[in-house]
**Q** 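Quick one: structure below, then a few questions.
All chains are named by letter (A, B, ...) in the order of the sequence lines, taking the proteins before the strands, and each is independently numbered beginning at 1. Quick note: numbers below take in every heavy atom, side chains included, and nothing from hydrogens, waters or symmetry partners.
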Amino acid sequence: MRRITGWLFDVYAFGDGVSVWLIDAEGAAHHLHDTLHPTFFVHGAPADLRRVCEWLTRARLPVRLARVERYDVFARRQMVVLQVAVQIPTLFATLVHRVATTFPMLDLFTADLSIAQVYFFERGVFPLAFCEAIVNDANLIVAMNTNDSRWALEYRLPPLRVMVLQMEGEHLNPNHGHRGALEITYEDRTYGISADDPREIIARVRAYLERGDPDLIITRWGDSFILPQLLQLARRYGLALPFNRDARIAPRPRPARSYFSYGRIIFKTMTHTLCGRWHIDLENASLLDYGLDGAFELARLTQQPVQQTVRTSTGTGINAMELATAYAHGYLIPYRKREPEEFKSARALMIADKGGLTYQPIAGIHHDVAELDFGSMYPTIMARFNVSPETIHCECCLDSRAPELGYSICRKQRGVVPDTLAPLIEKRFAYKRAKKDAPDAERKEWYRRLASAHKWLLVTCFGYLGYKNARFGKIEAHEAVTAYGREALLRAKDIVEQRGFRVLHALTDSLWIHKRKTQDVEYTELVAAIERATNLPIELEGIYKWVAFLASRVDAHNAVPHRYFGATRDGELKIRGIELRRRDTPEFIKQAQQAILDELARANTRVELIAALPRVLQIAAEYVDRLRVGQVALRDLAMTYCLSREPSAYQMNTLNAIVARELAGRGVNLQPGEAIRYIITDNAARVSSDRARAAEFWDGAWGYDVARYTELLVRAVETITQPLGLDAPALRAALACEHPNGQPRARLVTPIAPMAFGPLFEFAASKSIQQK
DNA sequence: TCCTCACGGGG
DNA sequence: GTGTACGTGAGGA
């Protein structure tokens, strides 16, 4: 018997059990084994259940059968079900599938959890949990204990050996034609790998993998290009390439797929996840603004393996947490609903119409404006008013009803969704507090990342509630939440106005208000009064020195609700909806807009804002100059767009379509949902293929269209200066730019700037934590 | 002027 | 392994 303490690193099914990897405090990886009997349940007519039993027994499948009672959350009663305990984890999914297809008349429960999830649930552990394993001489786990908790605010992470694998040069898509030598970085040194003989390349990658033995391989385009290419070469020459630390398992890629989400097509490339090691492809990971530290927190919380966590949405994370809640209660978990896509009913459309409240702001610049926000409004509503798919339309609580709609909501039994959310809201709040009191900047940043990871979980949980195919989704629950939200905002608006404030703008969970000569204590009283009236927490988000609500570009008399920017008293900028916030704005334009806003953030009064205009023009002029002398790098000029359809399906001859067709013509297989990057080379060119060039096939010789980029810059500057009285024609005059119409030909400039590397990844904060 | 196309919010 | 619907702006036809 041995005792091993360390962080739970990886879990997967293998042989007749599961493989479990721990990493200890010295950084050593331990490969252990455990048994697991994942269990699913079957419900149906007694005769059908007997047939399943006979079928399973006759086929001599490795299962233990029992008749048990379990609680069905949706039916809200105990049910007699057949329990099928699968003795060999690798057979679990296959068996479930065979039962489901052979006996379509039966209902399956708790049947589509991953083996890793079941293992975590059964052993009371989670990814990166610090635990203790007692193992026998065959490395079989006899007992597993942990004092670590998913709800622990402070925790240590294992010392990870990291290797970086990428192609030299700009991080352009190799699948779209970018080529560069392979680079491997570990222990602070970078090795270029170029050889004429592919066998030589494989041998060197293999040597580095064996020598470095990394826990974590970070790549760019590793999922879709580097790993598949290397593995294919290795296969062709019959060489072993130990990406998997578990040498018994050959790398098994999962194919690319497209799906419809958020009103558009999303494309996911193929993935290469590893066994006994992690692979994170930065080009195929959603680390948003929380980085690896946030991803580790999400893996711990949602009990999904790290490699899955970074490759899936936070919506999946919330779903996983809801499953964990249901599992812990011993509830039957409904098998994945797979209803085919259907057209929205008229009713569903009406509901959508009544989401959050949206006001039309008073356009222009306002001074001394307070913003009040209901923090995490929708999740808090779900938690506080017990809104969950199985608590809505409750028959035992007819006197407890959601506003407007009158749906009854159970008061006696806590719903799965509120039960999942309550501790999550609590933990996020704790991290926000910790961030405020952090002893140093590094620590503050670590808390910020963790709070941010939580934010994304909470934001998506509401959408999931309205998602037809979600296990814990129901449209009426979704409606009830927005109804509570509207009621709260309206009450808040009344209270604010009663106290003599003018509401300048209101949006779902926020109010922008103003009153002459307000004392700060009035805000404190206001917040308290609103909280009393709504039973929801509201905060003074900040007091703006000035804030601009933008007029519509189509109709200058109308303000639009989602485009505004402003500076608070502590000099912080809040920016929504404008170019700076958009994915498809070139980096160069974003930088210019940011620089101008930073300048304006220093102004405190109307007079100071106007006085800042010459400096704003100066900044704009500098950016125009940089464009003219060709000092802007490819990375800053690239236009990035997601394609919504096949290249040939475009009706309009937009730059997107032109570049998509260019790439397709070069043999690139572009999928709807995939992103393309390009440089505008000559926007006015008669031959459309000359107008823009895919970034992967652009070099200095092509130059870029100065006039076009200048025009984009002028528009972005106008967004900021228009409320101050400087519109595009005035800007063009001031900056000596020609008007885009009536312009003969764009002047082309060849850039001279070298293209440097940006930082690869951020890992500093978690490193420092583990050293403490 | 209409249509096509892509994007954001949330904290 | 997948949150929805709508409003906004840019630009081609």
**Q** Tell me: CG of A:L550 to C1' of C:dG7, nearest whole Å?
**A** 15 Å
**Q** Among the nucleotides C:dG11, B:dG10, B:dC5, which one has an atom lying closest to any side-chain atom of A:L712?
**A** C:dG11
**Q** What side-chain hydrogen bond (donor to acceptor under 3.5 Å, both in side chains) pairs are there with at least one residue in residues 557-566 of chain A, not counting sequence neighbours?
**A** A:Q360-A:N558, A:D555-A:N558
**Q** Could you tell me which residues satisfy ring pair (Phe, Tyr, Trp, His ring centres under 6.0 Å) with A:H454, sequence neighbours excluded, listed by chain and number?
**A** A:Y431
**Q** Touch check for A:G577, heavy atoms < 4.0 angstrom, all strands: base, sugar-phosphate only, or nothing?
**A** sugar-phosphate
**Q** Categorize A:T460 for me: base, sugar-phosphate, or nothing, with a 4.0 angstrom heavy-atom threshold over every strand shown.
**A** nothing
**Q** Kindly say if A:Y650 contacts the phosphate of B:dA6, meaning a side-chain N or O under 4.0 Å from OP1 or OP2.
**A** yes
**Q** Of the nucleotides B:dG11, B:dT4, C:dG1, which has the atom closest to the A:M652 side chain?
**A** B:dT4
**Q** Please report, rounded to the nearest Å, how far the C1' atom of C:dG1 is from the CZ atom of A:R471.
**A** 10 Å
**Q** To the nearest Å, how far apart are A:K574 NZ and B:dG9 C1'?
**A** 11 Å
**Q** Mind checking if A:K268 touches a base, just sugar-phosphate, or nothing, with heavy atoms under 4.0 Å?
**A** nothing
**Q** Base, sugar-phosphate, or nothing: which does A:C642 touch, judged by heavy atoms less than 4.0 Å apart?
**A** sugar-phosphate
**Q** Looking at A:R553, does any N or O in its side chain come under 4.0 Å of the phosphate oxygens OP1/OP2 on C:dA10?
**A** yes
**Q** A:Q308 near the nucleic acid: base, sugar-phosphate alone, or nothing, with a heavy-atom cut-off under 4.0 Å?
**A** sugar-phosphate
**Q** For the side chain of A:S644, counting heavy atoms from C-beta on, which of B:dC7, C:dG11, B:dC5 is nearest?
**A** B:dC5
**Q** Nearest whole Å is fine: how far is C:dA10 P from A:N656 CG?
**A** 15 Å
**Q** Of the candidate nucleotides C:dG3, B:dG11, C:dG9, which contains the atom at the shortest distance from the side chain of A:S552?
**A** C:dG9
**Q** Once you apply a heavy-atom cut-off of 4.0 Å, does A:R645 come out as touching a base, just sugar-phosphate, or nothing?
**A** sugar-phosphate
**Q** Residues from residues 554-563 of chain A sitting under 4.0 Å of DNA chain C, heavy atoms only?
**A** A:V554, A:V560, A:P561, A:R563
**Q** Between A:N656 and A:R661, is any side-chain donor less than 3.5 angstrom from a side-chain acceptor?
**A** no
**Q** If we count only N and O atoms by modelled type, under 3.5 Å, do the side chains of A:D223 and A:T271 hold a donor and an acceptor together?
**A** no
**Q** Take the protein atom CZ of A:R576 and the nucleotide atom C1' of C:dT8, then report the distance between them rounded to whole Å.
**A** 17 Å
**Q** Can you see if the side chain of A:R448 gets near the phosphate of B:dG11 - specifically, an N or O under 4.0 Å from OP1 or OP2?
**A** no
**Q** Will you find, in the side chains of A:E371 and A:W512, an N or O donor that is under 3.5 Å from an N or O acceptor?
**A** yes
**Q** Determine whether the aromatic ring centres of residues A:H505 and A:F549 are separated by less than 6.0 angstrom.
**A** yes
**Q** Round to the nearest Å and state the distance from A:Y378 atom OH to B:dG10 atom P.
**A** 11 Å
**Q** If the cut-off is 4.0 Å, is A:R581 near the phosphate of B:dG9, judged by side-chain N/O to OP1 or OP2?
**A** yes
**Q** Quick one: which residue pairs count as a side-chain hydrogen bond (donor to acceptor under 3.5 Å, both in side chains) with a foot in residues 637-651 of chain A, not counting sequence neighbours?
**A** A:T640-A:R677
**Q** Which residue pairs pass the salt bridge (Lys or Arg N to Asp or Glu O under 4.0 Å) test with at least one member in residues 451-461 of chain A, sequence neighbours excluded?
**A** A:D289-A:K455
**Q** To the nearest Å, how far apart are A:I658 CD1 and B:dT4 P?
**A** 18 Å
**Q** Check this one for me: any side-chain N or O of A:R715 less than 4.0 Å away from OP1 or OP2 of C:dG11?
**A** yes
**Q** Would you say A:R582 reaches B:dC7's phosphate, i.e. side-chain N/O to OP1/OP2 under 4.0 Å?
**A** no
**Q** Closest to the A:T312 side chain: C:dG1, C:dG3, B:dT4?
**A** C:dG1
**Q** How many Å lie between CZ on A:R583 and C1' on C:dA10, as a whole number?
**A** 17 Å
**Q** Taking the side chain of A:Y641 as heavy atoms from C-beta outward, which of C:dG3, B:dC7, B:dT4 is closest to it?
**A** B:dC7
**Q** When you measure from the side chain of A:D584, which nucleotide among C:dG3, C:dG1, B:dC7 comes out closest?
**A** B:dC7
**Q** What pairs with A:R553 under salt bridge (Lys or Arg N to Asp or Glu O under 4.0 Å), at least two apart in sequence or on another chain?
**A** A:E579, A:E718
